[in-house]
Amino acid sequence: MVTHFVILTSATVLHAHGGPPIQTASQAARALAPLAGRFAFLLFAVGLIGTGLLAIPIRSGSAAYAAKECFAFEGDLGAKPWYRPTSYGVIVAGTLAGVAMTFLHIDAIQALFWTAVIDGVVAAPLLILIVRLRADPTIMRTRASGRPSQALTWTATAVMGGAALALIGSLLLTIRI
């Protein structure tokens, strides 16, 4: 729901007057001027910082657990860093990569856009795995999901998959033209 309203608000505010596409953070902040007036840059900065504060722990923690599982590292974020430094090392490496992107002048708006595209494309296959695992009584025992939950999740998976395929199709069509 939050993502839907972010997209809806962005489309309404940023593209209401048919202006040029937003390429930089400064352009995005200026596009908020009709809505926020002289506080547009402050509103944009607070939103961007708030989003970062929400995303950093989630993304870095997810990356740490994914690396732990993928490479069979010992320990987790519940262990003290000096006993099992691998999970914390992944978090530090990810944070340093973000800092390096700033110093390398990588466009943050483009990086956020492509991150969102990648997230959207990999969401459907991940949802398939989640639904199948969650419905398996041999794995979940008494906590296996029921039919209503499975139906809703399969519906969400189909919508996400359709959106990802539409995105890939539109990208392929624009490349050919």
Side-chain angles (χ1 to χ4, degrees), residues 1-68 76-78 81 87-131 152-153 155-175:
M1 292 293 289
V2 170
T3 302
H4 169 75
F5 285 108
V6 166
I7 292 169
L8 184 64
T9 303
S10 297
T12 304
V13 172
L14 300 179
H15 300 290
H17 305 292
I22 305 297
Q23 298 294 326
T24 66
S26 179
Q27 290 173 338
R30 275 194 300 266
L32 290 173
L35 177 69
R38 63 187 182 118
F39 296 107
F41 281 91
L42 179 65
L43 178 67
F44 185 76
V46 168
L48 201 58
I49 291 168
T51 301
L53 290 175
L54 285 172
I56 289 170
I58 293 168
R59 290 216 185 264
S60 61
S62 297
Y65 276 101
K68 175 189 169 307
D76 56 25
L77 295 175
S87 293
Y88 292 96
V90 171
I91 291 172
V92 169
T95 303
L96 292 175
V99 170
M101 286 174 62
T102 301
F103 286 114
L104 293 172
H105 303 289
I106 294 174
D107 184 11
I109 300 296
Q110 288 296 317
L112 287 171
F113 172 79
W114 286 108
T115 300
V117 168
I118 292 167
D119 285 349
V121 170
V122 300
L126 289 175
L127 278 171
I128 291 169
L129 294 173
I130 290 168
V131 174
L152 287 171
T153 313
T155 302
T157 303
V159 170
M160 292 292 291
L165 290 174
L167 172 70
I168 291 168
S170 70
L171 287 174
L172 290 175
L173 286 175
T174 58
I175 290 173

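Note that the structure is predicted; figures quoted are calculated from it, not measured. All values below were derived from every heavy atom in this structure, side-chain atoms included, with hydrogens, water molecules and symmetry-related copies excluded. Quick note: residue numbers are just sequence positions, from 1.
- I58 is listed as a side-chain neighbour of S62, based on a closest heavy-atom distance under 4.5 Å.
- Residues S87 and A64 approach most closely at O-CB, 3.5 Å, considering heavy atoms.
- Atom CD1 of I168 is separated from atom CG of L173 by 12.0 Å, given to the nearest 0.5 angstrom.
- Here the straight-line distance linking atom CG of L96 with atom CD1 of I91 works out to 12.0 Å at 0.5 Å rounding.
- Residues V90 and Y65 have side chains not in contact (no heavy-atom distance under 4.5 Å, counting atoms from C-beta outward).
- Listed by chain and residue number, R59 satisfy the salt bridge (charged side-chain N to carboxylate O under 4.0 Å, His left out) test with D119 (two or more places apart in sequence, or in another chain).
- To the nearest 0.5 angstrom, T153 atom OG1 is 12.0 Å from I128 atom CD1.
- Heavy-atom minimum distance, A123 versus M160: CB-CE, 3.3 Å.
- To the nearest 0.5 Å, atoms CG (L127) and OG1 (T155) are separated by 11.5 Å.
- A side-chain contact (heavy atoms from CB on, under 4.5 Å) with V46 holds for exactly one of L42, L43, I49; it is L42.
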